[in-house]
Amino acid sequence: MTRYDQLREARTALDTPLFAGLPGDIRVSFEFFPPKTDALMAQLWDVVQTLAPLQPEFVSVTYGAGGSTRDRTHDTVARIIREARLPAAAHLTCVDASKAEIRAVAEGYWEAGVRHIVALRGDMGAPGVPFTPHPDGYANAAELVAGLKAIAPFDISVAAYPESHPDSPSQEADIDNLKRKLDAGASRAISQFFFEPETFFRFQDKLAAAGIDAPVLPGILPVSNFAQTRKFAAACGAALPAWMESLFAGLDTHPASRQLVAATVSAEFCRRLYAGGVRDFHFYTLNRAELSYAICHLLGRRPHGAAGLENAA
């Protein structure tokens, strides 16, 4: 071990603990997917009730390709608003839908009390199949945002890609597309997940250079099942650091240990984002509460009235 390494290890041992004294000044949001069965709905409802005391800014519910989960998305969002009394956003895509069909869905959301929509171009559902607009539909997310704004005064979130969308020729083209979505009326963007803080910090710098000052919430995918995460990352072009794979190696038959490693890795990742000035975190929960709740707790976000939250604004 070199002297530099020895000094670094000594400093690590003596530094203030990473999570000591955090004031709980973060804002959080959570994403769910609509359950397919009553049993899975009961499981999701347990997750919603676990996370609700953290007072998220909003929760969102995804929407299957071609509207394949339309009714389940609508019912899940409506129940969250009605029973959990949380601000809930519904995802909506352009895939296989005419403008008239999208209008009907959007009007149904408005009637159910939904005021926030996550507007996405969407993918066709099968891997590698290029997006093809409906002949009477919207060609892209920017058009969808403008169309939704013409239907009702929705608060609209859109997607952002720190490592570029797989269909994009370059990150510059991606950023131009994000600007068009914001100019069309979106209020904020939610980023695709990524696994190294520097990825997001570099992306923030590029957005600032492009004159984009709208909020961009980093999307956080707490890693529990590494094989599953590898598939997700491959589908969207997110880079997985080699050190992460080595940390999860050998834990397939040790679920409790895997969960502890997952919490450690994900919490440190979010703490490094926090150190870089990030105060908004959007968690892709995969309809599980434990990891997201633990990370929020470590960052000082506690249930209303608990220690650590009083200083949050």
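None of the values given here were measured: they were computed from a predicted structure.
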(Q) Are H74 and Y109 an aromatic pair, judged by ring center distance below 6.0 Å? (A) yes

Q: Taking the side chain as every heavy atom from C-beta outward, state whether E163 and Q192 have any pair of such atoms under 4.5 Å apart.
A: no

Q: Flag this pair as yes if the NZ/CZ of R279 is under 6.0 angstrom from the six-membered ring centre of Y274 and inside a 45 degree cone about the axis; otherwise no.
A: yes

Q: Kindly indicate, with the supporting measurements, whether the criterion side chain to side chain contact (heavy atoms under 4.5 Å, CB included) is fulfilled by L217 and F281.
A: CA-CA 6 Å; L217 282 55; F281 295 84; over 6 Å; no

Q: Look at the side-chain heavy atoms of Ile, Leu, Val, Met, Phe, Trp and Tyr, link any pair under 4.5 Å apart, and say whether F194 and W243 land in one connected group.
A: no

Q) Is the closest side-chain heavy-atom distance between F32 and I80 below 4.5 Å? A) yes

**Q.** Any side-chain heavy-atom pair of L182 and I212 under 4.5 Å
**A.** yes

Q: State plainly whether the residues D167 and R121 are in salt-bridge range, i.e. N to O under 4.0 Å.
A: yes

(Q) Using every non-hydrogen atom in the two residues, find where H134 and D96 come nearest and quote the distance to one decimal. (A) CD2-C, 3.8 Å

Q: Of all the heavy-atom pairs spanning S224 and A262, show the shortest one and how long it is.
A: CA-CB, 3.9 Å

Q | Gap separating the CZ atom of R188 from the NE2 atom of H282, nearest 0.5 angstrom | A | 10.5 Å

Q. Is there a side-chain contact between L86 and V48 (heavy atoms, below 4.5 Å)?
A. yes

Q: Dump the intermediate steps for side chain to side chain contact (heavy atoms under 4.5 Å, CB included) on N177 and S168, then the final yes or no.
A: CA-CA 9 Å; N177 187 46; S168 179; over 6 Å; no

Q | Validation row: N287, F30 side chains within 4.5 angstrom (heavy atoms) | A | no

Q. Is V105 linked to V145 within one hydrophobic cluster, defined over Ile, Leu, Val, Met, Phe, Trp and Tyr using a side-chain heavy-atom separation of less than 4.5 Å?
A. yes

**Q.** Nearest atoms (heavy-atom pairs only) where P56 meets L51
**A.** CD-O, 3.9 Å

Q. Can you check side chain to side chain donor-acceptor pair (under 3.5 Å) on S157 and H116, steps first, answer last?
A. CA-CA 8 Å; S157 297; H116 184 177; 2.7 Å; yes

Q. Between D183 and K179, does at least one N-O distance fall below 4.0 Å, as a salt bridge requires?
A. yes

Q.
For the NZ atom on K149, are there more than 12 heavy atoms of other groups (residues, nucleotides or ligands in this structure) within a distance under 6.0 Å?
A. yes

Q) Roughly how far, to the nearest 0.5 Å, is CZ of R272 from CD of E196? A) 7.5 Å

Q: Check whether any side-chain heavy atom of Q43 sits under 4.5 Å from a side-chain heavy atom of P35, and report yes or no.
A: no

Q | Minimum heavy-atom distance between V223 and L291, given as atom pair plus value | A | O-CD1, 4.1 Å

Q. Would you say H297 has more than 12 foreign heavy atoms packed within less than 6.0 Å of its NE2?
A. no

(Q) I'd like to know if K99 and D136 make a salt bridge, using a cut-off of under 4.0 Å between side-chain N and carboxylate O. (A) no

**Q.** Pair K206 + E172: basic N to acidic O under 4.0 Å
**A.** no

(Q) Checking S187 now: which residues fulfil side chain to side chain donor-acceptor pair (under 3.5 Å) with it, not counting sequence neighbours? (A) D155

Q. When you look at L207 and L178, which way does the side chain to side chain contact (heavy atoms under 4.5 Å, CB included) test go after all the steps?
A. CA-CA 9 Å; L207 294 179; L178 174 58; 3.8 Å; yes

Q. Hey, what do you get for CD (E198) to CD (Q204), rounding to the nearest 0.5 Å?
A. 12.0 Å

**Q.** T93 side chain vs L120 backbone, donor-acceptor pair below 3.5 Å
**A.** no

Q.
Looking at I26, is its backbone amide N or carbonyl O close enough to the side chain of R301 to form a donor-acceptor pair, meaning the two atoms are under 3.5 Å apart?
A. yes

Q: Name the orientation class of the two ring planes belonging to F232 and F193 (parallel below 30°, tilted from 30 to 60°, perpendicular beyond 60°).
A: tilted

(Q) As a quick check of understanding, evaluate salt bridge (charged side-chain N to carboxylate O under 4.0 Å, His left out) for R103 and E107, giving each step before the final call. (A) CA-CA 6 Å; R103 171 177 283 275; E107 289 176 345; 3.1 Å; yes

Q: Give a yes or no on this: more than 12 heavy atoms of other residues, nucleotides or ligands lie within 6.0 Å of atom CG of D205.
A: yes

Q | F269 ring center within less than 6.0 Å of F195 ring center | A | no

**Q.** Heavy-atom closest pair, residues S292 and P222
**A.** OG-CG, 4.1 Å

Q: Test R271 against L298 for side chain to side chain contact (heavy atoms under 4.5 Å, CB included), laying out the working first.
A: CA-CA 9 Å; R271 180 63 178 88; L298 285 167; over 6 Å; no

Q) Hey, is E245 close enough to R230 for a salt bridge, meaning N to O under 4.0 Å? A) yes

Q: With rounding to the nearest 0.5 Å, note down the distance linking OG in S164 to CZ in F203.
A: 8.0 Å

Q: Would you check if the side chain of Q259 reaches a backbone N or O of P255 as a donor-acceptor pair within less than 3.5 Å?
A: no

(Q) Less than 4.5 Å apart, side chain to side chain, heavy atoms only: is that true for L286 and L221? (A) yes

Q: Identify whether L18 and I220 are in the same connected component of the hydrophobic contact network (ILVMFWY, side-chain heavy atoms under 4.5 Å).
A: yes

Q: May I ask whether I295 and Y284 are part of the same hydrophobic cluster, defined by side-chain heavy atoms of I, L, V, M, F, W, Y residues being less than 4.5 angstrom apart, directly or through others?
A: no

Q. To the nearest 0.5 Å, what is the distance between OG (S257) and CZ (F248)?
A. 11.5 Å

Q. With hydrophobic residues grouped by side-chain heavy-atom distances under 4.5 Å, do I151 and Y63 end up in a single group?
A. yes

Q | Separation of L44 CG from R288 CZ (nearest 0.5 Å) | A | 12.0 Å

Q) Which atom names give the shortest non-hydrogen contact between L54 and V28, and what distance separates them? A) O-CG2, 4.4 Å

(Q) Quick check: do I156 and L148 have side-chain heavy atoms less than 4.5 Å from each other? (A) yes

Q. Which of parallel (below 30°), tilted (30 to 60°) and perpendicular (above 60°) describes F154 and W110?
A. perpendicular

